[in-house]
Amino acid sequence: MLFTQEHRELSESLKKFIEAEINPHVDEWEEAEQFPAHELFKKMGNMGFLGISKPEEFGGSGLDYSYEAVASEALGYIACGGVAMAIGVQTNMSTPAIARYGSDELRRDFLAPAIAGDMVGCIGVTEAAAGSDVASLKTTATKDGDDYVINGSKMYITNALQADWVCLLANTGDGPVHKNKTLIIVPMDSPGITKHKLRKIGMMSSDTAQLFFDDVRVPQRNRIGEEGRGFIYQMQQFQEERLFAAARGPRVMEEAINETIEYTRERKAFGKAILDNQVVNYRLAELQTEVEALRALTYHAVERYVAGEDVTKLASMAKLKVGRLQREVMDSCLQYWGGQGYMWESSISRKFRDFRLTSIGGGADEVMLKVITKLMGISPD
């Protein structure tokens, strides 16, 4: 009952856009290890896909998060993981905090262009020695006059090579680790920023880089919200990031299951189709059932989020489930493709590579379990 005709129209519109503007180019972008973010995002901005739940006064549609979830699921139609992930960084990872807590000036200068597709954003949280453990990050932003002077580095940053700005989490004080951090918008053309491209085993079309900040100056007015509350703001952004991953997952896995059904129906062994073996068709039925269970959990979390509730536990459960289930689905399906599944160009091998990341990025499975046990009141820590 959560979704309406308007939700379905949004999903169908985005699916048509993907079929016309993204999927015909995916193989080329995968080979190039980068897609043209500004070009694609501008087209998406013109269609209203980049500001679905963002404020209308800054170019968004002002809709509730259920529409974002529908769009996230539709991104599962993209024939690779990297482009969808990059879009998610723009819509659900780098912009929620600025939309919610940023000054009107910040939202005019950075959020509005991101919604329009005129600017590409990225999120700067992870560091080489501080991945899922956000509290231990070392990057600093020290006050000097009206500026912050930033020093440090960020690792595994999606969109970094093409981004116009980064939503950066940095230490702005010496107090407790959960109260000394601030989110700051840093233009990527600022003097003192250098980038190092990183090569991955999957998500090939998404550019990823390590960023170095050497006495980078930005005005203090680029701070999002209150100083020292950046950790809290980032935890709130994580809710949308994890819901994005969970919402996209079912469609991706259904594509893998359906492609496997088609392939095993045509592939013969010992006088009959691979699909006609009970061990195969039963396993695919089990996997489809798990996908539907994940979808139900995700929709429930989205419903509660739209109602204004803190869904940290539900979002963490959904993120944990989607990461583990994607590993299970892609591995099981690849097995039924036989040798063809092990070929680089096979669609199932791309999914196998791309979606292994889900159990790592945005909070590893083990961190999700830690969050869940704490909220269940059973963690010994």
Side-chain angles (χ1 to χ4, degrees), residues 54-55 58 89-90 92-114 119-160 163-194 210-242 310 312 362-363 367:
K54 300 302 188 293
F58 297 99
V89 168
Q90 183 89 348
N92 287 272
M93 301 176 205
S94 65
T95 51
I98 190 174
R100 188 175 290 118
Y101 298 111
S103 65
D104 284 351
E105 181 182 10
L106 272 186
R107 292 191 287 178
R108 183 192 67 235
D109 293 345
F110 297 99
L111 178 63
M119 282 187 173
V120 175
C122 64
I123 181 75
V125 176
T126 300
E127 298 180 3
S132 296
D133 182 10
V134 175
S136 67
L137 66 84
K138 303 301 183 186
T139 297
T140 60
T142 305
K143 288 182 178 178
D144 183 26
D146 293 329
D147 294 340
Y148 284 118
V149 180
I150 300 168
N151 284 281
S153 64
K154 296 294 177 180
M155 184 64 111
Y156 313 129
I157 307 304
T158 300
N159 292 351
D164 298 288
W165 54 266
V166 56
C167 179
L168 183 82
L169 187 63
N171 295 317
T172 50
D174 298 321
V177 294
H178 297 101
K179 298 181 179 179
N180 72 336
K181 293 171 175 56
T182 302
L183 280 175
I184 305 165
I185 297 295
V186 182
M188 290 290 280
D189 60 358
S190 302
I193 297 178
T194 56
Q210 185 174 13
L211 300 177
F212 298 92
F213 300 85
D214 183 13
D215 289 336
V216 176
R217 282 186 172 269
V218 295
Q220 290 182 38
R221 66 175 180 272
N222 280 25
R223 181 184 68 239
I224 296 176
E226 299 177 36
E227 189 170 89
R229 291 185 61 82
F231 184 88
I232 295 172
Y233 298 158
Q234 186 54 44
M235 292 304 105
Q236 292 174 338
Q237 284 197 135
F238 277 156
Q239 289 193 46
E240 294 198 11
E241 178 176 351
R242 290 164 186 169
D310 183 338
T312 300
V367 174

Would you say [X]'s side chain and [Y]'s backbone share a donor-acceptor pair under 3.5 angstrom?
{"X": "Asp147", "Y": "Val149", "result": "no"}
{"X": "Glu127", "Y": "Thr139", "result": "yes"}
{"X": "Arg242", "Y": "Gly362", "result": "yes"}
{"X": "Thr95", "Y": "Gln90", "result": "yes"}
{"X": "Lys154", "Y": "Val125", "result": "yes"}

Do [X] and [Y] have side-chain heavy atoms sitting under 4.5 Å apart?
{"X": "Tyr148", "Y": "Ile184", "value": "yes"}
{"X": "Val218", "Y": "Pro187", "value": "yes"}
{"X": "Gln210", "Y": "Ile157", "value": "no"}
{"X": "Arg100", "Y": "Gln236", "value": "yes"}
{"X": "Thr140", "Y": "Ile150", "value": "no"}
{"X": "Asn171", "Y": "Leu137", "value": "yes"}
{"X": "Arg107", "Y": "Pro55", "value": "yes"}
{"X": "Ile123", "Y": "Val166", "value": "no"}

Measure the [atom1]-[atom2] distance between [X] and [Y] for me, rounded to the nearest 0.5 Å.
{"X": "Thr312", "Y": "Phe238", "atom1": "OG1", "atom2": "CZ", "value": "11.5 Å"}
{"X": "Phe213", "Y": "Leu168", "atom1": "CZ", "atom2": "CG", "value": "5.0 Å"}
{"X": "Asn92", "Y": "Gln239", "atom1": "CG", "atom2": "CD", "value": "12.0 Å"}
{"X": "Thr182", "Y": "Glu226", "atom1": "OG1", "atom2": "CD", "value": "10.0 Å"}
{"X": "Trp165", "Y": "Ser94", "atom1": "CH2", "atom2": "OG", "value": "4.0 Å"}
{"X": "Tyr101", "Y": "Leu183", "atom1": "OH", "atom2": "CG", "value": "10.5 Å"}

Problem set entry | Derivation of the side chain to side chain contact (heavy atoms under 4.5 Å, CB included) call for Leu111 and Leu106 | CA-CA 7 Å; Leu111 178 63; Leu106 272 186; over 6 Å; no
For this session: Verify side chain to side chain contact (heavy atoms under 4.5 Å, CB included) between Asp164 and Met188, making sure each step is shown before the conclusion.
Result: CA-CA 5 Å; Asp164 298 288; Met188 290 290 280; 5.8 Å; no
Exercise. Which is it for Cys167 and Ile185 under the side chain to side chain contact (heavy atoms under 4.5 Å, CB included) test, yes or no, and what are the steps along the way?
Worked result: CA-CA 5 Å; Cys167 179; Ile185 297 295; 4.1 Å; yes
[X] and [Y]: which non-hydrogen atoms are nearest, and at how many Å?
{"X": "Phe212", "Y": "Ser153", "value": "CD2-CB, 3.9 Å"}
{"X": "Ala99", "Y": "Lys54", "value": "CB-CD, 3.6 Å"}
{"X": "Ser136", "Y": "Ala130", "value": "OG-CB, 3.4 Å"}

Problem set entry | Candidate list Lys181, Arg221, Lys143, test salt bridge (Lys or Arg N to Asp or Glu O under 4.0 Å), partner Glu227, passing option | Lys143
For this session: Answer yes or no: does atom CZ of Phe231 have more than 12 heavy-atom neighbours from other residues, nucleotides or ligands under 6.0 Å?
Result: yes
For this session: Evaluate the side chain to side chain contact (heavy atoms under 4.5 Å, CB included) criterion for residues Arg229 and Ile232: first the C-alpha distance (whole Å), next the side-chain angles of each, then the deciding distance (0.1 Å), finally the verdict.
Result: CA-CA 5 Å; Arg229 291 185 61 82; Ile232 295 172; 3.7 Å; yes
For this session: Would you tell me whether Asp174 and Asn180 have side-chain atoms, one donor and one acceptor, within less than 3.5 Å of each other?
Result: no
